[in-house]
Amino acid sequence: MTGHAIPDERKEQHNVSQQGVTPQSEDFSKWYTDVVQKTDLADYSPVRGCMIIKPYGYELWEGVKGGLDRRFKATGHRNAYFPLFIPESFLKKEAEHVEGFSPELAVVTIGGGKQLEEPLVVRPTSETIIGWAFQKWIQSHRDLPLLINQWANVVRWELRTRLFLRTMEFLWQEGHTAHATHEDALEETMRMLGVYADFAINDAAIPVIQGRKSSQERFAGANASFSIEAMMRDRKALQAGTSHDLGQNFAKAFEIQFTDESNELQYCWTTSWGLSTRMVGAIIMTHGDDQGLRLPPRLAPIQVVVVPIFRSDDERGPVVETVERLAGALREAGVRVHVDDRENLSPGFKFNDWEMRGVPLRMEVGPKDVAKNSVALARRDIPGKAGKEFVSQDGLVAAIRERLDAIQANLLQQATEFRDSHLHEVTGGYDDLIRVIKGDEWGLAWFCGAADCEQRVKEDAQAVSRCFPLEQPHPGETGACVICGGEAKEMAYFAKAY
RNA sequence: CGGGGUGUGGCGCAGUUGGCUAGCGCGCUGCGUUUGGGACGCAGAGGUCCCCGGUUCGAGUCCGGGCACCCCGACCA
């Protein structure tokens, strides 16, 4: 009877989805939220639009932080910390800035049970309060450049939120620098964009396109904004980091001035650049597959998970002993290793569990390995038997390092090939551009940059320009804007975006 | 802020035209047997059915009003 068949079918489906995650092809959004929650990266919070970052997710973020912080320091920046609360009047000093941010501000009006004389804005970004500080700190050209970074949380009152990708409160770093000349400031802007790209490509294994934002997509208060753009597995674009040339806009608003070599008073040129916990979302959506996460070894909280296997108490002793010895050696060598000694779970369950959590390499140690002085290694990036091999316990550290490097390289290669296969130079005019975008591909086309043109694409294809790539395919040439036909000096990518 | 959907043990769900003690799977606890690709048996614990009000002898179920969350669109890292 059909009346019974339907519930039975449903039941089976539920059992499957309980074990794993919704396949990407079935529902990418569902896949994403499944993965984030089932792998214990993050959880929803009692406050709408906010998130709880769980230890595994925070450890991943710590990997991002570490990779960036090292690079910031290597390029001469120092960390500092500025207040969470900003006097409301500060925001209003830069006209475009306040206009851009006022719709999404959280404002504190009561403190200690009393109405505040001046409301305090919870920082959506810190250009203003850091500008105020820079004004105090900078007097002479000898104080420049001033290169500061802060790791902080910021709040933007978002209407539509998504774990890691857009939450009302998020973690990030914001770099703020002041320079004597525009040339120096622009150089800094580009240098830090390059740092982001270097981090994304080499640590996160995410191929990114560096480019300049159109005037419509520019940061509120900037002269020019640059970004790194990444393609997710659903082929949507994700802005994964931004760097801004702020000109003298904030310097003038906050009177950040210095005396130059000729004893003339000058306004500084400032920059700012930021990368947020959104990067975690980028990592998830760049590498993840139907099984769950696939984490790049450089950032993976656990690089190697060890699964001990034994049948009886007789086998147990030698296996545990071997596991402890090998894991100890790996730890000593700086490999992030975790031994899964949960006793109530079968090895098969553990294999699937750690694959879902994206651990790059699994090491199995069983009685046969003890006897043969071997271990089994299984790569997360190569499914099934093809990715499994037995290696000697001698020289294990080197063998594991080699494989982690290979996985890191393979993830980058797979992501690059995937992205490149969905980039298209548009040759068939405007209709072709719309067709490409609507087909969830990225279109590269001549674009004059006009707001009207961008608006038209938005209406026709629910997408905007992502950036004018720094690396232009036809340098030195010009073309006809794919939208209005007017003169265009550069080509831009267009794509649906997060 | 518009459109759609969902609120029932930790998670996923069922619950008929209102009816008796609110069920099922997974997970959880205990004991035992298991363990090289998602183990099994037995015994347990766990629920203000999102909230408020109404109709009724009786509401998880019907009515009214709220709230929350998810998904899809306009703004944003």
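These numbers were taken from a predicted model, which means no experiment stands behind them. Below, chain A is the first sequence line, B the second, and so on; all start at residue 1.
Remark: ring of A:F349 not stacked against base of B:A39; the cut-offs of centroid gap under 5.5 Å and plane tilt under 30° are not jointly satisfied.
With sequence neighbours left out, the salt bridge (charged side-chain N to carboxylate O under 4.0 Å, His left out) criterion links A:D69 to A:K73. Scanning for salt bridge (charged side-chain N to carboxylate O under 4.0 Å, His left out) contacts around A:E389 gives A:R403, with sequence neighbours left out.
For the pair A:K385 NZ and B:G37 P, the interatomic distance rounds to 9 Å; values are reported in whole Å. A:L165 has its CG atom 15 Å from the C1' atom of B:C71, to the nearest Å. Whole-Å rounding puts the A:L238 CG to B:C76 C1' distance at 12 Å.
The aromatic rings of A:W354 and A:H338 lie tilted to each other, with the angle between the two planes from 30° to 60°. Between A:F447 and A:F494, the ring-plane angle classifies as perpendicular under the 30° and 60° cut-offs.
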### Query
Can you check side chain to side chain contact (heavy atoms under 4.5 Å, CB included) on A:F254 and A:F90, steps first, answer last?
CA-CA 9 Å; A:F254 288 89; A:F90 278 30; 4.0 Å; yes

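Side-chain nitrogen and oxygen atoms of A:S29 include at least one within less than 4.0 Å of the OP1 or OP2 phosphate oxygen of B:C72.
No donor-acceptor contact under 3.5 Å links the side chain of A:R362 to the base of B:G36. With hydrogens and angles ignored, no donor-acceptor pair closer than 3.5 Å exists between the side chain of A:D353 and the base of B:G38. On a pure distance criterion of 3.5 Å, a polar donor-acceptor pair joins the side chain of A:S276 and the base of B:A77. Remark: the A:R156 side chain and the B:C76 base include no donor-acceptor N/O pair separated by less than 3.5 Å. A donor-acceptor contact under 3.5 angstrom links the side-chain atoms of A:E355 to the base of B:G37.
For the P atom pair drawn from B:C70 and B:C13, the interatomic distance equals 15 Å after rounding to whole Å. Comparing the same atom, P, in B:G5 and in B:U29 gives a spacing of 39 Å after rounding to whole Å.
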### Query
Just the dot-bracket of RNA chain B, please: which string comes out with Watson-Crick or G-U pairs under 3.5 Å, [ ] for crossing, | for another strand?
(((((((..((((.....[...)))).((((((.....)))))).....(((((..]....))))))))))))....

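Residue-level contact check: A:F219 touches neither bases nor backbone, having no heavy atom under 4.0 Å from any strand. Note on A:K458: only backbone sugar-phosphate atoms sit closer than 4.0 angstrom, heavy atoms only; bases stay farther off.
Ranking B:C75, B:C28, B:G73 by closeness to the A:Q462 side chain, first place goes to B:G73.
Note: A:I407 CD1 to A:L295 CG = 11.0 Å, rounded to the nearest 0.5 Å.
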